[in-house]
Colleague: 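Okay, here's the structure, questions in a sec.
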Amino acid sequence: MSAQLIDGKQLSFAVRRQVARRVAEARRPVRLDAVIVGEDKGADIYAHNQRKTCAAVGIEYHLHRLPADVVQDDVVEVVAGLNAGESVTAIMVHMPLPEGLEAEAIQSLIDPTKDVEGVNPANIGNIVYGRRSLVPCTALASVEMIESTGVELRGKRCVIVGASNIVGKPIAVLLMRAEATVISTNKHTEDLPGLTRSADVLVSAAGVPGLITRDMVKEGAVVVDVGINRIQGEDGKRRTVGDVAFEEVSEVAGHLSPVPGGVGPMTVAMLLRNTCEAALG
Ligand code: NAD
């Protein structure tokens, strides 16, 4: 059997088109305000790409740069100012923050209605209660990709490998909301292969290259690979791979998302959609 590809790039283009249409028809400007503290090359590249991506769909992008030696109160002041700003509709704070700053405390300050990365715990609480909420982008992307296969989630067994606050746990909660039977696993889980083999839907968000092998996957399962791992290939070149041993798993899975070109581009698209939701409801 050869798995059908869950093409994150194609799916993300469709989302971007929808967002661009909504932004063009909106009565108010849709904007994203991002905060970067200190010098981090990764965050800089991310911000640069974000500016381009936002421009492509008509979203205004405002970047607020703070020096690396700021104290917690300075960052708090900036976030509070953005929370209060009437024209500010969406806020995100780039990670990592320099040492000495408490990321969780800062994230918890972001107004939940402007928190487009879903990092304020109020938003995950709202997801649990089924209230209107901004859902962490990677979790949303993963579930959209599962749903794109047409699988009926109600009653299906879903195994999530990895249980971080920002990825694994919100995916589990979203799948519970869809009335799936959800098993959350982590690095201490006993007999992981026994559990994954029973999964109709398998999501791996562990950050361990090659963790999910062919013998761990049920025939016909939907497999979504969230992992992003940089490894050195046999040719000595560095490349990006997921958690799933793609070639061998594609022989048993029914649907499989690739890395790159899977959850990554959909996560960016979900940030745009959340930004639109925050501004326009
Ligand atoms: P994390 O390190 O915070 O959490 C990893 C989780 O995986 C933990 O719950 C840990 O217990 C579990 N785990 C680790 N090894 C395991 C094993 N051998 N078996 C079972 N569980 C195991 O990581 P994170 O921030 O949740 O990210 C996970 C992966 O997803 C990383 O590769 C990260 O780069 C990637 N990621 C991708 C996107 C995207 O846009 N595609 C976004 C965020 C994170």
Side-chain angles (χ1 to χ4, degrees), residues 5-12 15-16 40 42-43 45-47 49-50 53 92-97 103-104 107 116-119 121 123-124 134-146 148 158-175 182-199 202-213 215-217 223-232 238-246 249 256-275:
L5 205 66
I6 311 176
D7 189 337
K9 253 192 187 164
Q10 283 305 325
L11 292 169
S12 76
V15 175
R16 283 173 189 230
D40 181 79
I45 295 170
Y46 185 22
N49 289 337
Q50 239 174 18
T53 313
M92 63 159 294
V93 178
H94 282 279
M95 296 291 140
L97 293 174
E104 277 188 25
Q107 290 173 326
V116 281
E117 288 192 307
V119 290
N123 269 319
I124 187 91
L134 290 164
V135 178
C137 305
T138 303
L140 205 51
S142 305
V143 175
E144 287 270 329
M145 290 176 75
I146 294 167
S148 77
C158 301
V159 174
I160 320 302
V161 182
S164 69
N165 287 341
I166 196 68
V167 187
K169 280 184 201 161
I171 293 174
V173 173
L174 289 173
L175 294 172
V182 180
I183 299 172
S184 166
T185 71
N186 59 62
K187 62 184 171 205
H188 305 292
T189 296
E190 291 173 10
D191 188 21
L192 183 68
L195 293 170
T196 58
R197 261 197 301 276
S198 71
L202 174 60
V203 181
S204 188
V208 181
L211 176 67
I212 307 298
T213 50
D215 57 312
M216 293 169 75
V217 177
V223 181
V224 169
D225 189 354
V226 183
I228 297 180
N229 310 296
R230 292 287 290 164
I231 60 156
Q232 190 140 357
R238 288 181 69 71
R239 60 196 177 97
T240 303
V241 297
D243 290 353
V244 176
F246 186 85
V249 169
L256 173 61
S257 74
V259 177
V263 177
M266 267 301 266
T267 296
V268 177
M270 291 301 115
L271 180 73
L272 298 174
R273 192 157 87 184
N274 275 354
T275 300

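Ligands are counted one by one from 1 in listed order, and the atoms in each one are counted from 1 as well.
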Colleague: Name all residues meeting the side-chain hydrogen bond (donor to acceptor under 3.5 Å, both in side chains) criterion together with Glu144; count only those two or more places apart in sequence or in a different chain, and write none if there are none.
Modeller: Arg273
Colleague: With the side chain counted from C-beta on, respond yes when Asp40 and Met95 share a heavy-atom pair under 4.5 Å apart, and no when they do not.
Modeller: no
Colleague: With sequence neighbours left out, what residues match Thr240 under side-chain contact (heavy atoms from CB on, under 4.5 Å)?
Modeller: Ile228, Arg230, Val259
Colleague: Please name all residues satisfying side-chain hydrogen bond (donor to acceptor under 3.5 Å, both in side chains) with Ser204, sequence neighbours left out, ordered by chain then number.
Modeller: Asp243
Colleague: State the CG-CE distance between Leu211 and Met216, to the nearest 0.5 angstrom.
Modeller: 5.0 Å
Colleague: Could you grab the distance from atom OG1 of Thr267 to atom CG of Leu140, nearest 0.5 Å is fine?
Modeller: 9.0 Å
Colleague: Please tabulate, one line per pair, the protein N or O atoms found under 3.5 Å from any N or O atom of ligand 1, giving the distance to one decimal.
Modeller:
| residue | atom | partner | partner atom | Å |
| --- | --- | --- | --- | --- |
| ligand 1 | 9 (O) | Ala163 | N | 2.8 |
| ligand 1 | 11 (O) | Lys187 | N | 3.0 |
| ligand 1 | 21 (N) | Asn186 | O | 3.4 |
| ligand 1 | 21 (N) | Lys187 | N | 3.2 |
| ligand 1 | 26 (O) | Ser164 | OG | 2.5 |
| ligand 1 | 32 (O) | Ile228 | N | 3.0 |
| ligand 1 | 32 (O) | Ile228 | O | 3.3 |
| ligand 1 | 34 (O) | Ile228 | O | 3.3 |
| ligand 1 | 40 (O) | Thr267 | OG1 | 3.1 |

